[in-house]
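In what follows, a single structure is set out as structure tokens and then discussed.
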Amino acid sequence: MALSSVLLTTGCGSSEENGRDAKAAAAVPTGFPVTVDNCGVKTTYDRPPSRVVTIHQHPAELMLALGLKDRVVGTAFPDSAVLPELKKDYEAIPELAKKEPSFEKILDAEPDFVYGGYGSAFAENEGRSRKAFADAGIDTYLNREYCGKKQVTMEDTYDEIRTIGRVFGVPDRADKLVADLEGRVGQAADKVEGEPEVSVFVYDSGDKSAFTAGGKSLGTELIRLAGGENVFADLDDVFGDVSWEQVVERRPEVIAIYDYAGAGSVEEKKKFLLSQPALADVPAIRNKRFVVLPLTATLVGIRSAYAVDDLARGLHPESYR
């Protein structure tokens, strides 16, 4: 529409003043400027970013789900197998590093926007602070799960998608994606409505102690929506360490294993848990009740709606018969 207006104006031999007005209108795309306050960093975008580096997998998948593959010039730190429908697009993007890339490596990709999934994306002690990027003229955005303010819910997921949609000038695509995810969550929640809550322990990793999902994690909300209760919902953090004695005391009925690269396979994790004498009388261990979730499905991103259904099936299999 804006481009057509410019062509029509110049084709009619408009005055120099009208030409300047047309150029000014063309310089600001529809819906812009957009101002976003992300984790205390306020940024105004006069136009959508055009060269994006994503650090961690879930921001990359969100970008691809919004049809923004042409904007992503680099990815880093894959956690899990990519969603099948996004695999081809994801693999076409250069991978800058298996973990978080260095500040210099990111600069080499010449981004105008860096989207981080975990707080470590912008680790100050590794030279990747948001200020360092700002000083280099590069805008940044951190997944809201790591803003550190409150428990994260599915509403945060939907808000994240809508915010990224506004920043990149595709709000209609974002609304459509949110509607699809809301539908998925609603169907799963309806399936288990009225069922008794099942107690769940999230096992991320660890041997001397257990690294688990705390009350501020989206995982706690996903378990609740699936008809369960995180036995460490009182842990005041996104993730944290707990003792095995605490796990035994809380007697979870199901163990949700988070699956991701670099932390041992699912089979190795199950073998470890089942081999611990201290856990032998824990109901989940005694009955070998495990639910496996890709780590990326438990974070603020497009997969969380799928995780609710997977959890509901594992916690209440009778509701799916």
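When a residue number appears, it is its place in the shown sequence, counting from 1.
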Taking [X] for its side chain and [Y] for its backbone only, find out whether a donor-acceptor pair lies under 3.5 Å.
| X | Y | value |
| --- | --- | --- |
| Arg130 | Thr140 | yes |
| Arg71 | Pro49 | yes |
| Lys269 | Asp204 | yes |
| His56 | Ala76 | no |
| Gln246 | Ser243 | yes |
| Arg303 | Thr298 | no |
| Arg128 | Ala121 | yes |
| Glu160 | Arg144 | yes |
| Asp46 | Pro33 | no |

Have Asp259 and Ser80 got a donor and an acceptor in their side chains that come within less than 3.5 Å? no
Between the side chains of Glu95 and Thr75, does any donor sit under 3.5 Å from an acceptor? no
Between Lys271 and Glu268, is there a salt bridge with N-O shorter than 4.0 Å? no
Given the rule that I, L, V, M, F, W and Y join up when any side-chain heavy atoms are under 4.5 Å apart, are Tyr90 and Phe77 in one cluster? no
Centroid-centroid under 6.0 Å between [X] and [Y] rings:
| X | Y | value |
| --- | --- | --- |
| Tyr203 | Tyr258 | no |
| Tyr118 | His58 | yes |
| Phe239 | Phe211 | yes |

Side-chain donor-acceptor distances from residues 277-294 under 3.5 Å, at least two apart:
from	atom 1	to	atom 2	distance (Å)
Arg286	NH1	Asp281	O	2.9
Asn287	ND2	Pro283	O	3.2
Arg289	NH2	Gly314	O	3.0
Arg289	NH2	Leu315	O	3.2

